[in-house]
There are 2 protein chains.
Amino acid sequence: MTAIKESSTRNFNKGVALTSCPVTFVMEKIGGYWKPIIIFHLMSGPKRYSELKRVIPQITEKMLIQHLKQLQNDDLVHRDAQAVIPPVVTYSLTKSGEDLFQVLDSMVDWAIKNGSV
Amino acid sequence: MTAIKESSTRNFNKGVALTSCPVTFVMEKIGGYWKPIIIFHLMSGPKRYSELKRVIPQITEKMLIQHLKQLQNDDLVHRDAQAVIPPVVTYSLTKSGEDLFQVLDSMVDWAIKNGSV
DNA sequence: ATGGTTACATACTTTGGGGTAAGTACTTGT
DNA sequence: ACAAGTACTTACCCCAAAGTATGTAACCAT
């Protein structure tokens with residue numbers, strides 16, 4: 001008789017919370033370890049894949065390409081590939097991506113005020 | 001002979017990235033599904049445990065208390081317990097917690113601009 | 001022909017965040 | 001006597017995110 005809770009928490013989340021809560025919406029886009037770091041580095045201008053790897057040495061290539069793809073799907077990052085050999089692929093922020101500056105900036109402000117070191 | 005990479009990505013993260021990147025620092029504090037939602041609801045004033053549960057029906061009690069504890073450890077939320085029966089425990093934002101308003105606000109701005117609905 | 005460079009892809013494993021379900025202590029209401 | 005409310009605690013499970021390791025295609029320089 002132990003019926004499943006009429007509204008599964010997990011299902012409810014996926015369906016409602018993610019689209020109705022703007023903060024969660026943002027977290028879905030730039031949450032996680034690496035995305036904000038990648039975005040931050042793209043704020044200073046377009047970068048090649050290998051450049052990103054160099055300025056974020058700790059990221060694995062799998063994580064880098066995976067997040068770059070997700071950021072493309074979310075229309076935060078634009079990919080530009082030149083058909084030359086060796087390949088030249090440049091990533092840059094879209095307008096939406098650039099607009100995240102305000103968000104990241106307020107985070108930095110808060111972090112500085114509240115002793116991130 | 002497959003020696004472990006001299007500098008484990010994971011170890012490096014925990015040690016360096018988290019403390020040196022302000023954005024990641026903030027994500028560590030308010031990342032995840034529930035924390036921003038809890039903080040948001042405390043923005044409108046102190047709330048009892050049961051009140052929070054009521055306004056966030058989808059959260060499980062385990063998640064609620066767990067995140068409230070983490071928020072206390074991070075000094076974002078203050079817990080006030082009255083020694084009466086039945087227990088009355090009130091949660092409120094600390095100064096640091098209130099300062100997050102700027103961060104959440106900029107997130108909401110961005111979400112609205114970029115089609116969260 | 002061998003190694004280097006670039007931008008990936010992919011199989012496999014581990015970690016931990018989050019969820020489920022149940023129990024606790026103490027008192028009030030009926 | 002027993003359910004109900006309050007603020008938790010605990011044991012267990014699942015899955016997705018993250019990490020490890022290796023492979024690939026195309027060309028160039030030596």
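It should be emphasised that the depicted structure is a prediction, and the values quoted were computed from it without experimental measurement. Here is how names work: the chains are called A, B, and so on, in the same order as the sequence lines, proteins then strands, and each is numbered from 1.
- For residues 76-101 of chain B, the salt bridge (Lys or Arg N to Asp or Glu O under 4.0 Å) pairs, not counting sequence neighbours, are B/Lys95-B/Asp99.
- One interatomic measurement links the two molecules: CD of A/Gln66 to P of D/dT20, which rounds to 14 Å at whole-angstrom precision.
- Looking at the side chain of B/Arg79, the nearest of the listed nucleotides D/dG5, C/dA7, D/dC8 is D/dC8.
- The CD atom of A/Glu61 sits 13 Å away from the C1' atom of D/dT20 (whole-angstrom rounding).
- The distance from atom CD of A/Gln72 to atom P of C/dA7 is 14 Å, rounded to the nearest whole Å.
- Per the geometry, CD belonging to A/Glu28 stands 13 Å off C1' belonging to C/dG17, to the nearest Å.
- Residue A/Pro87 is the one, among A/Pro87 and A/Lys62, whose nearest nucleotide of DNA chain C lies closer to the 5' end (criterion: closest heavy atom).
- The side chain of A/Lys69 contributes an N or O atom lying less than 4.0 Å from OP1 or OP2 of C/dA9.
- Straight-line distance from the CG atom of A/Leu68 to the P atom of C/dT6: 16 Å, rounded to whole Å.
- OP1 or OP2 of D/dA7 sits under 4.0 Å from a side-chain N or O of B/Ser50.
- Closest contact between the side chain of A/Trp34 and the listed nucleotides C/dA7, D/dC8, D/dG19 involves D/dG19.
- One finds a side-chain N or O of A/His67 lying less than 4.0 angstrom from the OP1 or OP2 phosphate oxygen of D/dA18.
- Nucleic acid contact for B/Lys35: none, since no nucleic acid atom lies under 4.0 Å from a heavy atom of the residue.
- Applying the 4.0 Å criterion to OP1 and OP2 of D/dA16, one finds that B/Tyr33 has every side-chain N and O outside that range.
- Side-chain N or O atoms of B/Thr94 include none that pairs as donor or acceptor with a backbone N or O of B/His78 at under 3.5 Å.
- The distance from atom CD1 of A/Ile59 to atom C1' of D/dA18 is 10 Å, rounded to the nearest whole Å.
- Of the candidate nucleotides D/dA18, D/dT6, C/dA7, C/dA7 has the atom lying nearest to any side-chain atom of A/Tyr49.
- Between A/Arg48 and the phosphate of C/dT6, there is no side-chain N or O to OP1/OP2 separation shorter than 4.0 Å.
- Separating the CD1 atom of B/Ile85 from the P atom of D/dC8 is a distance of 12 Å, rounded to the nearest angstrom.
- In the hydrophobic clustering, B/Val84 connects to B/Val88, either directly or through intervening members, whenever side-chain heavy atoms lie under 4.5 Å apart.
- Within 6.0 Å of the OH atom in A/Tyr49, the count of heavy atoms belonging to other residues, nucleotides or ligands exceeds 12.
- The interatomic distance linking A/Ile65 (CD1) with D/dG19 (P) rounds to 16 Å, in whole Å.
- At a cut-off of 3.5 Å, with distance as the only test, a side-chain donor of B/Ser44 or B/Lys47 sits close to an acceptor on the other residue.
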